[in-house]
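By convention in this document, chain letters (A, B, ...) are assigned in the order of the sequence lines, proteins followed by strands, and residues within each chain are numbered from 1. These figures come from a predicted structure and were not determined experimentally.
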Amino acid sequence: MRVVRLLRLRAALTLLGEVPRRPASRGVPGSRRTQKGSGARWEKEKHEDGVKWRQLEHKGPYFAPPYEPLPDGVRFFYEGKPVRLSVAAEEVATFYGRMLGHEYTTKEVFRKNFFNDWRKEMAVEEREVIKSLDKCDFTEIHRYFVDKAAARKVLSREEKQKLKEEAEKLQREFGYCILDGHQEKIGNFKIEPPGLFRGRGDHPKMGMLKRRIMPEDVVINCSRDSKIPEPPAGHQWKEVRSDNTVTWLAAWTESVQNSIKYIMLNPCSKLKGETAWQKFETARRLRGFVDEIRSQYRADWKSREMKTRQRAVALYFIDKLALRAGNEKEDGEAADTVGCCSLRVEHVQLHPEADGCQHVVEFDFLGKDCIRYYNRVPVEKPVYKNLQLFMESKGPRDNLFDRLTTTSLNKHLQELMDGLTAKVFRTYNASITLQEQLRALTRAEDSIAAKILSYNRANRVVAILCNHQRATPSTFEKSMQNLQTKIQAKKEQVAEARAELRRARAEHKAQGDGKSRSVLEKKRRLLEKLQEQLAQLSVQATDKEENKQVALGTSKLNYLDPRISIAWCKRFRVPVEKIYSKTQRERFAWALAMAGEDFEF
DNA sequence: GTGCAGACTTGGAAAAATGTTC
DNA sequence: GAACATTTTTCCAAGTCTGCAC
């Protein structure tokens, strides 16, 4: 079902993609064209190459509170008998216990990894006893956490207020830093608490123990002359360094994948805002190059070199289908997912004819986060022929583009345009699509609600292009039904109001006095109001249905140049709060400061 | 080229906050 | 003002891409 829906929406998208593109109007960061008001905060500050700051001062990260042992009444059972666990073993048991209702705990890999790591935390005697997860009973632990969550929900107003104030205090104390003389918000000032690793899809490491991070694991980054953050009492930092070519404040190595995690600034900070702005400027710059790049890769489909042909076909997919680059992954370390360059023969099927089109390529693979990408696309004949060639005498597990890597692809792109990489195409195509869609869908005479539907639809076209999917919300059916009930009720009200208006009209005709006239006017206004409400409700229903399995957030936050949306709001008199929430407006402060209603991507 | 570490962006799910209805 | 629905924010996993060593 989902696949069919996406396919249909994609077909519509392809059609709209045929609309001729308007010539680029190029704006340079800081140029008059793109700016309105001073935007001074967003003038690029002159740091030499690679330097991110002159001054960085902060309080260090906030650590998860120490483990609180379970109360005596909450027991763990093994083979039906209560077993008292050591604190270390109990803590890890609670990580599993609190997840009992979750699907993860039904997965064999998760269970196996958890049990394996749990046993490492046990004392020798515990290990002697606890030998099989199937004989473990965590239900009391689970219930304890469920009750605890429920108790939090029913706290009194005062108690809730107190908790809120405590959180705010924490935010004030650890949530900000000073960067080059300005106070900036930190994105994630809390060190990740210990728990069980929740890898997505068929992740081979799911269920493994994510160790508790101690100050001794943490590297602090701050300026030499600043007040060095105090480690928690009785502890010390792994290292304190002063590296102003990076933006992170603190870092540690996570125990499951052995990768580095960072404390970084919030997206509303100047530093993050500037990089986002730069990213969109690079994508805008691509507008001026894209025609030539397209003609070049088309020419390269006929190259004598296999490597060049593969690169040209891959680039075509990246451009046309907004596929990700697809870096190589170590097998066994993560779920088996692919992007463009790592596609295997088994991920594509060639159809000489399908859906009434010639040369159809069927893609079916798991992309980032194990989200399935399924698409059937008619391609140009040389692409089709090349794919046949690339697949010749290969097994299903072989790489489709065996002569291509993301590094070589990006090296090539860099030669075509300064700063160009595979991902820029995603940004470029997402933003240009939003702009085109808004132009095609918005009508100036529409109501605000209808304009917002148009905006969401434009946003949705982009999300579908980028394959941003979500699980259907669990409450979807029910809430849809509620909405339908509401619509039905409103329809009845409208019918009733219409009848009343008819009666009032007759009454006025008969009486012809001022009183009946004012009644008539009142009835007319009522009908209008109800009709408007009905229209709004049905718009809501349409939007909801179309959005069932599409996630709009990622494209909105990462791929769509906010200046396009802001300009649209200004042009069509839609309050920007209808499009961006408070945090989103803070994140896009740079764009709000500079985009006028005539901004063009 | 290839492998790896590091730094940063992008991603959906889950939790929390807020709004609506009875 | 409780119960439920919806929206917003937080969380942290999973990508991209660069630079360096060999």
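- Backbone-only engagement by A:Ala422 is indicated by non-hydrogen atom pairs under 4.0 Å involving sugar-phosphate atoms exclusively.
- Regarding A:Asp418, its CG atom lies at a distance of 11 Å from the P atom of C:dT18, rounded to whole Å.
- Note: A:Phe189 and A:Phe174 have parallel aromatic rings, judged against thresholds of 30 and 60 degrees for the angle between ring planes.
- Phosphate contact (OP1/OP2 of C:dA13, side-chain N/O of A:Lys210, threshold under 4.0 Å): present.
- Using a 3.5 Å distance cut-off with no hydrogens or angles, the side chains of A:Glu165 and A:Gln161 do pair a donor with an acceptor.
- Residue A:Glu328 is classed as having no contact, given no heavy-atom separation below 4.0 Å to the nucleic acid.
- A parallel orientation is assigned to the rings of A:Phe280 and A:Trp590, their planes being inclined by less than 30° (bins at 30° and 60°).
- Dashed line: the shortest gap from a side-chain N or O of A:Lys261 to OP1 or OP2 of C:dA13 is under 4.0 Å.
- Atoms CG (A:Asn410) and C1' (C:dG19) sit 14 Å apart, rounded to a whole Å.
- Within the structure, every side-chain polar atom (N or O) of A:Ser259 is placed at least 4.0 Å from both OP1 and OP2 of B:dA5.
- A:Tyr104 carries A:Lys107 over the face of its six-membered ring, with the cationic atom under 6.0 Å from the centre and within 45° of the normal.
- In this structure, A:Gly339 reaches neither bases nor backbone, as no heavy-atom distance under 4.0 Å exists between it and the strands shown.
- Within the nucleic acid shown, A:Pro267 has no heavy atom closer than 4.0 Å to any nucleic acid atom.
- A centroid separation of less than 6.0 Å is found between the aromatic rings of A:Trp118 and A:Phe138.
- Sequence order on DNA chain B of the closest nucleotides to A:Lys486 and A:Thr407 puts A:Thr407 first from the 5' end.
- Taking the screw axis at each terminus of the helix from B:dG1-C:dC22 to B:dC22-C:dG1 from five consecutive base pairs, the angle between the two is 10° to within rounding of 10 degrees.
- The side chain of A:Thr337 places no N or O atom within less than 4.0 Å of a non-bridging phosphate oxygen (OP1 or OP2) of C:dA14.
- At a cut-off of 3.5 Å, with distance as the only test, a side-chain donor of A:Arg111 or A:Tyr96 sits close to an acceptor on the other residue.
- The shortest distance between the side-chain N/O atoms of A:Gln584 and the OP1/OP2 oxygens of C:dT8 is not below 4.0 Å.
- A donor and an acceptor atom, one from each side chain of A:Thr253 and A:Asp217, are nowhere located under 3.5 Å apart.
- Heavy-atom nearest nucleotides on DNA chain C were determined for A:Asn482 and for A:Lys329, and the one closer to the 5' end corresponds to A:Asn482.
- Under 3.5 Å, the side chains of A:Thr308 and A:Asp300 contain no donor-acceptor pair of N or O atoms.
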>> Please encode protein proximity along nucleotides 8-18 of chain B as a string of B, S and -, counting only heavy-atom distances under 4.0 Å.
In response: BSBBSSS----
>> Please evaluate residues A:Glu546 and A:Arg457 with respect to the criterion salt bridge (Lys or Arg N to Asp or Glu O under 4.0 Å), reporting the C-alpha separation (whole Å), side-chain torsions for both, the decisive distance (0.1 Å), and the verdict.
In response: CA-CA 8 Å; A:Glu546 289 177 358; A:Arg457 282 185 160 157; 2.9 Å; yes
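- With 3.5 Å as the limit, one finds no donor-acceptor pair spanning the side chains of A:Lys307 and A:Ser408.
- Within the 4.0 Å cut-off from OP1 or OP2 of C:dT6, at least one side-chain nitrogen or oxygen of A:Lys544 is found.
- One can place CD of A:Glu254 at 14 Å from C1' of C:dC11, the figure rounded to the nearest angstrom.
- Comparing atom distances between the A:Phe197 side chain and each of C:dA14, C:dC12, C:dT9 picks out C:dA14 as nearest.
- Checking the phosphate oxygens (OP1, OP2) of C:dT16, a side-chain nitrogen or oxygen of A:Asn327 falls inside 4.0 Å.
- Look at A:Lys153 and you won't find any side-chain N or O under 4.0 angstrom from OP1 or OP2 of C:dA3.
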